[in-house]
*Asks:* 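If you scroll down you'll find the structure; I have some questions about it.
Quick caveat: nothing in here was measured; it's all calculated off a predicted structure. Basis for what follows: all heavy atoms, side chains included, without hydrogens, waters or symmetry-related copies. For this chain, numbers begin at 1 and follow the sequence in order.
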Amino acid sequence: MFKGKNIKGFQPHKIANLGLVRTFQVMRPYHSLAAFKNLIVPLNSPRVRRTSEGKLGDRDSVAIDILEEIGFERDARVPYKTAGSLPLGYLKRLELARCIALRPEVILCDEVFSGLSMSEIASMIPLLEKLQMEGITIMMIEHRLRELFRLADRVAVINFGRKIAEGIPKEVMKREEVKVAYLGTGKRK
C-alpha cells in the first residue's frame, strides 16, 4: 500500500510516478552515458513534468545541479565521465541522484552504504539527513547498523526473513535477540 492505494503488480515506472522510488544494491546506471545524462530519463518523467509545472529549464543543467548537490564536483570532469567508468562511491551517489531527480516522497535505499569506505559513508550521511529534512521519507535496508542508527527514527530488525524487533534504534539494540543475530554477542537460545 502506498498513500492508501494498493500498488501490488504496478509497473515500476507507475510506482515511481506516484512518488515512491528506490535505489539498487547493485547499481543499474546507463553505463555508456555520461553520469549527468543518466538523470535525463527521470527528469523527463510524467511526475517531474507534473510537479515542476513545465518550468524545469534545461535538463542538462538541472542534472548537473542535482549531481553537485550529492557530491559530484561541478567543475571537475566527473559528471561528464561515462557512468561505467565511475568508482563505486560515485555510482552509489548517481543511483541516489536518479531517485532525487524524480522528486520523490519516499526513497527505498537498498544497502546504500554497502562497499563504501568509512569516509564515503561519512559524506553520504549528511546527504541523507538533508533529504529527510526536506520531507522525503527514507526507508533503508542496511547492515551497517551504527551508521543506519544515526539516520533512523525507527527500525525493524529482520533475521532470516522474520521480524525479531521493531522500535527506536537505541531500545532495539538492547534486545537480546538483536545482539545475537547482528552483533554475535549475548546468549544463544
Side-chain angles (χ1 to χ4, degrees), residues 1-3 7-8 10-31 35-36 38-39 41-43 45 47-48 51 63 65-72 78-79 83 86-170 172-173 178 181-182:
M1 298 296 288
F2 181 64
K3 297 193 309 189
I7 60 172
K8 185 177 180 180
F10 274 34
Q11 295 175 322
H13 71 278
K14 293 196 186 269
I15 295 171
N17 193 40
L18 293 172
L20 174 62
V21 299
R22 67 164 294 182
T23 67
F24 291 90
Q25 181 177 359
V26 177
M27 290 76 56
R28 299 178 175 186
Y30 298 104
H31 292 279
F36 81 96
N38 271 263
L39 276 65
V41 171
L43 287 173
S45 70
R47 177 172 181 78
V48 172
T51 59
D65 288 345
I66 292 170
L67 289 177
E68 184 179 33
E69 267 183 55
I70 63 148
F72 279 64
V78 180
L86 296 176
L88 180 66
Y90 279 109
L91 285 173
K92 292 276 188 173
R93 289 176 183 276
L94 179 60
E95 188 77 7
L96 194 54
R98 290 175 9 159
C99 290
I100 294 167
L102 283 164
R103 298 181 173 193
E105 294 174 40
V106 177
I107 301 175
L108 305 175
C109 293
D110 187 2
E111 299 279 352
V112 74
F113 298 143
S114 175
L116 298 180
S117 69
M118 288 309 294
S119 64
E120 289 170 324
I121 292 170
S123 69
M124 188 77 99
I125 289 173
L127 168 63
L128 294 168
E129 289 172 328
K130 180 179 179 272
L131 294 173
Q132 289 174 315
M133 286 187 280
E134 291 172 357
I136 297 172
T137 298
I138 299 177
M139 296 178 70
M140 298 175 71
I141 298 169
E142 187 57 62
H143 289 94
R144 303 291 301 252
L145 299 184
R146 182 174 290 123
E147 293 80 9
L148 171 67
F149 288 0
R150 284 189 53 197
L151 295 164
D153 299 323
R154 292 191 56 77
V155 295
V157 180
I158 310 294
N159 190 29
F160 293 106
R162 193 177 117 258
K163 182 166 60 171
I164 60 172
E166 182 175 359
I168 298 167
K170 195 176 196 177
V172 166
M173 285 309 295
V178 174
Y182 279 87

*Asks:* For L18, is there any backbone N or O sitting under 3.5 Å from a side-chain donor or acceptor partner on K3?
*Replies:*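 Yes, because the side chain of K3 sits within donor-acceptor range (under 3.5 Å) of the backbone of L18.
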
*Asks:* Closest approach of A83 and L91, non-hydrogen atoms and distance?
*Replies:*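 Smallest heavy-atom distance, with atoms named: O-CD2, 3.3 Å.
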
*Asks:* Side chains of L43 and I66: does their closest heavy-atom pair fall under 4.5 Å?
*Replies:* yes

*Asks:* Can you find a heavy atom in the side chain of L102 that is under 4.5 Å from one in the side chain of N17?
*Replies:*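 No; the side chains remain at least 4.5 Å from each other.
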
*Asks:* Search all heavy atoms of L86 against all heavy atoms of A35 and return the closest pair with its distance.
*Replies:*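 Heavy-atom minimum between the residues: CD1-CB, 3.9 Å.
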
*Asks:* With no hydrogens and no angle check, is any side-chain donor or acceptor of R47 less than 3.5 Å from a backbone partner on R103?
*Replies:* yes

*Asks:* Taking all heavy atoms of P42 and all of V48, pick out the closest pair and write down the distance.
*Replies:* O-CG2, 3.3 Å

*Asks:* Determine whether more than 12 heavy atoms belonging to other residues, nucleotides or ligands lie under 6.0 Å from atom NZ of K8.
*Replies:*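 Atom NZ in K8 is not crowded, with 12 or fewer foreign heavy atoms closer than 6.0 Å.
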
*Asks:* Evaluate the side-chain proximity of L88 to M27: yes if any heavy-atom separation is below 4.5 Å, no if none is.
*Replies:*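 Touching, per the 4.5 Å side-chain cut-off.
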
*Asks:* Between L39 and L94, is a side-chain contact (heavy atoms from CB on, under 4.5 Å) present by the stated rule, with each step listed?
*Replies:* CA-CA 8 Å; L39 276 65; L94 179 60; 3.6 Å; yes

*Asks:* Between I107 and L96, is a side-chain contact (heavy atoms from CB on, under 4.5 Å) present by the stated rule, with each step listed?
*Replies:* CA-CA 9 Å; I107 301 175; L96 194 54; 4.3 Å; yes

*Asks:* Any salt bridge (charged side-chain N to carboxylate O under 4.0 Å, His left out) involving residues 109-126? Give me the pairs, sequence neighbours left out, ordered by first then second residue.
*Replies:*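 Non-adjacent pairs meeting salt bridge (charged side-chain N to carboxylate O under 4.0 Å, His left out): R22-D110.
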
*Asks:* Indicate yes or no: at least one non-hydrogen side-chain atom of F2 is less than 4.5 angstrom from one of I15.
*Replies:*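 Sidechains of I15 and F2: no contact.
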
*Asks:* Taking the side chain as every heavy atom from C-beta outward, state whether F113 and I125 have any pair of such atoms under 4.5 Å apart.
*Replies:*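 Yes - at least one pair of side-chain heavy atoms lies under 4.5 Å apart.
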
*Asks:* Within this structure, what is the CZ-CD distance for the pair R93 and E69, rounded to the nearest 0.5 Å?
*Replies:*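 Output value for this atom pair is 12.0 Å.
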
*Asks:* Between atom CD1 of I121 and atom CG of L148, what is the distance when rounded to the nearest 0.5 Å?
*Replies:* 11.0 Å

*Asks:* Working to the nearest 0.5 Å, report the span between OG of S114 and CD1 of I141.
*Replies:* 12.0 Å

*Asks:* Main chain of I136, side chain of E134: is a donor-acceptor contact present, judged purely on distance under 3.5 Å?
*Replies:* no

*Asks:* Could you grab the distance from atom CG of L127 to atom CD1 of I100, nearest 0.5 Å is fine?
*Replies:* 5.5 Å

*Asks:* Between the side chain of R98 and the main-chain N/O of R28, is any donor-acceptor distance below 3.5 Å?
*Replies:*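 Yes, the answer is positive, given that a donor and an acceptor are paired below the 3.5 Å cut-off.
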
*Asks:* Run the side-chain contact (heavy atoms from CB on, under 4.5 Å) check on Q25 and E95 step by step: do they pass?
*Replies:* CA-CA 9 Å; Q25 181 177 359; E95 188 77 7; over 6 Å; no

*Asks:* Specify the closest pair of heavy atoms between C99 and P104, including all atoms of both residues, with the distance to one decimal.
*Replies:*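 Shortest heavy-atom separation between C99 and P104 comes out as O-CD, 3.3 Å.
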
*Asks:* Looking only at non-hydrogen atoms, find the nearest pair between I138 and C109 and report the distance.
*Replies:* CG2-SG, 3.9 Å

*Asks:* Which distance, rounded to the nearest 0.5 Å, do you find between the CG of L116 and the CE of M124?
*Replies:*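 Here the interatomic distance stands at 5.5 Å.
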
*Asks:* Only distances under 3.5 Å count here; give the side-chain donor-acceptor pairs of residues 149-170 to other protein atoms, sequence neighbours excluded, each with its distance to 0.1 Å.
*Replies:*
{"residue": "K163", "atom": "NZ", "partner": "E166", "partner atom": "OE1", "Å": "2.6"}

